[in-house]
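Bear in mind that the values here come from a model prediction, so they are computed numbers and not experimental data. Computed over heavy atoms, backbone and side chain alike; hydrogens, waters and symmetry mates excluded. Here is how names work: the chains are called A, B, and so on, in the same order as the sequence lines, proteins then strands, and each is numbered from 1.
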Amino acid sequence: MTLPPRFGYAAPRSLDEAVRVLQARGDEAKVLAGGQSMIPLLKLRVGAPALLVDIQKLPGLDYVEESGGFLRVGALTRVAALCRSDLVRRKYQALHDASLTVADPLVRNLGTVGGNLCHGDPANDLPAVMLAMGGELVATGPAGARTVRADGFFVDTFTTALARDEILTEARVPSPPPRSGGVYLKVEQKVADFATAAAAVQVTLDRGSGCAYVGIGLAGVGATAIKAKKAEEAMAGREPTDRKAVAEAAGLAAEASSPVSDIRGTAEYKKRLVRLLVARGLEKAGERARRGAR
Amino acid sequence: MSSKPQSSGLNNLDPNAKFNLVGNQAVTRRDIYAKVTGQRKYTPDIGPGDIGRSTMWYAGFLVAPHPHARVTSIDVSAAQAAGYVTLVESDLPVGALFGIGARAYPPLVSSEVLYPGQPVAAVAAPTANEVVDALNLIKVEYEQLPYVFDAQEALQASAPQLWPGGNVPGGGVGENGAVTSGTLTLNLGDVDTALANADVVYEDTFGTSIQQHFEIFPRGAVAYWSGGQLTVNASTQFAWAVQQQLAAYFAIPATDVRVSTSLGGYEDGGALGNGLGNKSTGEEYVLAAVLAQKIGAPVKFVHTRLTHARTTTNRWPLSATFRLGAMNDGTLVAIDGIYTANVGGRGGAQGADAVGDFYNAYNCPNMRFYSIPVTTDAYSNGAAMRSVGEEQGHFLMESAIDELAHKLNMDPVQFRLKNMRQAPNPVEPFANLPYTTIAQPQALQEAMQAFGWSNLWKGWGVPSSVNGTKRVGVGMCIQNASKGSPFPPSTSQVQVDPDGTVTVYIGLTDHGAGGNTTFPLIASEALGLTSMANVKLIQSDTMYTTNASVTAGSQSTHNSHSLLYAVEDLKNQWFPIVASKLNANANNLAFGNDTIYDTTNPSNSISFNDAAALLTSSIKGFGVWQIPFNVAYRSTGARFAQVEVDTETAVVHVISHTFALGLGRTIFYKGAIHQMMGGSVMGIGSAFFEELLNDPSQNVTVTPGFPSSGSWLNPNFHDYQIPTIYENPDSANVIPVENIDPTGPFGATGIGENCIIAADISFINALSNALGGYRFHKTPIRIEDVVEAIQWMNSNPNGASSTSSSTTS
């Protein structure tokens, strides 16, 4: 049996209080939400924070709603809530697909959307979706709330743009216009393993059938989740059924990745997976965009 | 003991017999509610309150991170100064060894570390959280020594010599490469001539990897002393043996040692949390007892996943090089096999069972086998893991046989039907022992039909279907495995109280295979009961139960045959009392449908409970059963599988699986069916996931955030992968074949490990068929192996050609 080292515990009742605790002890504290990554890290003694700030009792951070041109997801929303959301399933397919592949049902029941994003694990699923959909993250600290674009949030492995005295309070993605579709494709050795490689693809078609918007996010193939910008640009105005365009974009996405060889496969294999998943993803997202045309 | 008849008079072997409980599909697992609701208390769950104490100390191992090293110093002063209690080898009684098998060993390393994970020190702390802190305070200095992981390398003269006398336990390899004692050699007919005259000769080498049981509860023990008496609540498959070993270790009478699986007694007796062969005995049982003595308080020792994976036993890697000869009509004429078993640092296992499987499975006039056990620094101790070498052996055998059929361009089913051992009158060829029963060819024929083989098999290397990038292939294999060796006699008791309560006492435990239900079911059936509602079970607790042998080897159902003798003994005490009440002859009485009745006048009967009420006190029947030695006990069956592979992503998915297994007679129906399904899922793990990995550089990060600082790479559930429900086949069809075994209770054979044997190779043969006939040579099949197979297939558009050497004469 391995148990965590001793730690202090605080369970603030309000966001202000939580931020005050972090302001005072941010250097030695870690925020605890669903605990699905934090508790194993403690048990493995990878980290030994002096204080755990359990934010699960903070009110008003558990919601999935559409307003002001965004889908807004409270940071304490459990991943399972995204899986169950009809709104997410209909309009935010990439997010829905990804939610269904987060670890296993037990983890999804407890793990939070905020935790999945703040952990900064390159193999997590939701960061790639945020990058593909052009999402934003709301960080609340002593000076109030600020918005960070997803492509500036994932700084390094286990490192995000959050300051020590900030708490992620909301994740949001723009509501896609008509003729939009998304998908999340993941290859994993088995369910609940980290992604061997995964790709989130979001597409909006223009009046013809070219791409007005393409977003591509990659998981498990670099130090952070990766936004494959060159691949996105290569698709601009071109059709997701254009095999040449898709192959070109998929190749650029593979170039943007920097996987390592491990027990899940060689770096070369993972790069090939990126190419495949992005190609299949563009095709599938395009198909969904056409089907959903209004 | 051997004068006992082979079967009790209460044993009904009629294939068409009607039973109340035996084979009854409505019978459910007796402990299912307690298990599902978390009420079942396993050894790791035991707290001080459960044993009537107010405090408990918690212990753990400090293990060596190096594969081969000399311990130059151990400094426990800081740990002791912090109030922790430590143990190193010099604290233990001189010469006190522990362990089973050929090599007893000191529970803590004395000077030389022989595998990564060998325990160097133990420590106890007053709270569970502090165990890791206490371990971190112990400083050990090592002088690292040259090490060897691979068995073939360890056979070289230049390899580090790990044991006095060399790396082949009890023997060695001479200068000319000739194998000396310590090895197994079997020779039948004239292999060389048969190979020279064969139409087709196929030669190839196959191998397997180190696997770990990773049972759901790790091994552990709670030990406490009351005066000179020791109690150990252990997660053990063999409480009686642990009792004997502890008594010997402390030089006290066995009656002063109580060992039970978990808490023992009625409800929590036998709560093992699965064993799979890993929980026969272990050093933590004795160290917990030593620490408890030293501290004067109960000590709980539960392995971490790391120490569980690297300190306890493992499934050993077995490799084999075969030369097989056949005639053009498909007749198998020669088998030449050299098996090499990597037995780990502590030794123990070898290839005998795997060899036995080959010569039992196939009829062949000319057979020669060598088996060489080789000591290496790769892991602790090769030992049982749901079979003793047979799971590995079937992968080796059924890979080679399949490829031979491929060379002959013969349907793999037809090749087996032509060459496999089958009814009538099967005999084990080397010792000339008649089989007690065999399920072939029935099992193969039934499985083939249920699977729809004739529609799905399109030929060697030709997939059943291709849909875009997805290719579907089919494959099959047979099994013929030993189902337990003759052990010392098994004993048990059955008690009836005046209120009608029946209590079954048996020294076996429940692996999870359903023994909790099977044992009382057998006694209840013999007692003519239609329900087990008033039948209690006390199992695996040396205070109440006697030696019933180890719960292993698929032999517990067989060993609970002693219950029939116990009921017979009970009957002899009880029926004279009932006879006077019924005014009948006791010899004419029988149990049936909750009554005792006069067989000469069935209407003259008394209910079971009324008959019990005639008793003035409880009566207890004693049963002894000795499995006969002069016969062969074999588990026979066949498997078919359908596997899909995406040739772009290399992702493999098992679509369906059909498994027919000879069970003798099905006793606990649901348990048997679930065992068969579970074994197949475990086989998916063996085929595609399971391998305990070593890192020669001893300093590698497998997964970001989970750093490794030893030779081990994946001693946890995250990186050592086992299939979940999501990796199950889309459909699984299991077919129990009832081939009555006259030596088993009601004709039963056994079930547990028989369900994993040959599971992996059925999936692998199907994958091979999907990928143009590519032959995989090593388990588990990793993603890079599938990638390589796809590349091979793409560059060999004709497929179905060979990846291996073969000659056609």
Contact residues of residues 276-285 of chain A (partner chain B; heavy-atom separation under 4.5 angstrom):
A:Leu276, A:Arg280

Could you check whether any side-chain N or O of B:His657 sits under 3.5 Å from a backbone N or O of B:Pro729, counting only pairs where one atom can act as donor and the other as acceptor?
no

Between B:Asp719 (side chain only) and B:Asn714 (backbone N and O only), is there a donor and an acceptor less than 3.5 Å apart?
no

Mark yes or no for whether A:Lys271, through its side chain, and A:Ser257, through its backbone, hold a donor-acceptor pair below 3.5 Å.
yes

Chain A contacts, top residue of B:Glu130, B:Glu727, B:His308 (heavy-atom pairs, under 4.5 Å):
B:Glu727

Is it the backbone or the side chain of A:Ala192 that comes under 4.5 Å from a heavy atom of chain B, or both, or neither?
backbone

So which part of B:Thr127 gets closer than 4.5 Å to some heavy atom of chain A, the side chain, the backbone, both or neither?
side chain

Under 4.5 Å from any heavy atom of chain B, what part of A:Val187 do you find: side chain, backbone, both or neither?
side chain

Counting only heavy atoms closer than 4.5 Å, note whether B:Glu784 contacts chain A via side chain, backbone, both or neither.
side chain

With a 4.5 angstrom heavy-atom cut-off, is it the side chain or the backbone of B:Ile725 that approaches chain A, or both, or neither?
neither

B:Thr779 side chain to B:Ser686 backbone, donor-acceptor under 3.5 Å
no

Just do the side chain to side chain donor-acceptor pair (under 3.5 Å) check on A:Gln189 and B:Gln721 with the steps written out, would you?
CA-CA 9 Å; A:Gln189 287 206 117; B:Gln721 302 195 329; 2.8 Å; yes

B:Phe61 and side chain to side chain contact (heavy atoms under 4.5 Å, CB included): which partner among B:Val123, B:Leu135, B:Leu287?
B:Leu287

Part of B:Phe689 lying under 4.5 Å from any heavy atom of chain A:
side chain

Rounded to the nearest 0.5 Å, what separates atom OG in B:Ser262 from atom NZ in B:Lys41?
8.5 Å

Cationic N near anionic O, under 4.0 Å, B:Glu644 to B:Arg471
no

Would the distance check show the side chain of A:Gln93 and the main-chain N or O of A:Gly182 forming a donor-acceptor pair, the cut-off being under 3.5 Å?
yes

